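This is a predicted model, so every value here is computed, not measured. Just so you know, residue 1 is the first one in the sequence shown, and it goes up from there.
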Amino acid sequence: TYGILLLNQLDPSIEAMGASYRIEVPRQALRAANRGIMNVLYASATSATTSQYAWLLWLADHPLK
């Protein structure tokens, strides 16, 4: 399984909250990627003033460019 991980620069209002993330890839997502189905996993980060993606992970059965 191959993957590309995008870590987003968080808005200062979210960084001030001390945001941290643990990425757990479900076995189902890995199995699907190995069968040729691309998967995208992500986490959102939110403050009182903004919401955005903290990270995105693309999984596939071939190298991604």
What residues, two or more places apart in sequence or in another chain, satisfy side-chain contact (heavy atoms from CB on, under 4.5 Å) together with Ser44? none
Let me see the working for Asn39 and Val25 under side chain to side chain contact (heavy atoms under 4.5 Å, CB included), right down to the final yes or no. CA-CA 10 Å; Asn39 276 266; Val25 179; over 6 Å; no
Determine, using the 4.5 Å side-chain heavy-atom cutoff (strictly less than), whether Ile4 and Ile23 are members of one ILVMFWY cluster. no
Thr46 and Ser51: which non-hydrogen atoms are nearest, and at how many Å? OG1-OG, 3.7 Å
Which heavy atom in Leu30 sits nearest to a heavy atom in Leu59, and how many Å separate them? CD2-CD1, 4.2 Å
Which residues pass the side-chain contact (heavy atoms from CB on, under 4.5 Å) test with Val40, sequence neighbours left out? Leu56, Trp58
What ring-ring contact (aromatic ring centres under 6.0 Å, His included) pairs are there with at least one residue in residues 26-45, not counting sequence neighbours? Tyr42-Tyr53
Please list, chain by chain and in numerical order, all residues satisfying side chain to side chain donor-acceptor pair (under 3.5 Å) with Thr49, sequence neighbours excluded. Ser13, Ser47
Co-membership, hydrophobic cluster, residues Leu64 and Leu6, 4.5 Å side-chain: yes
Who else is in the cluster with Tyr2 when I, L, V, M, F, W and Y are joined by side-chain contacts under 4.5 Å? none
Identify the heavy atoms of Leu41 and Pro26 that sit nearest to each other, and give their distance. CD1-CD, 4.0 Å
Please report the closest heavy-atom contact between Gln52 and Gln9, naming both atoms and the distance. NE2-O, 3.3 Å
Does Arg35 have any side-chain contact (heavy atoms from CB on, under 4.5 Å) partners at least two apart in sequence or in another chain, and if so, which? Arg31, Ala32, Ile37
For residues Ala45 and Leu10, report the shortest heavy-atom separation together with the two atoms involved. CB-CD2, 4.0 Å
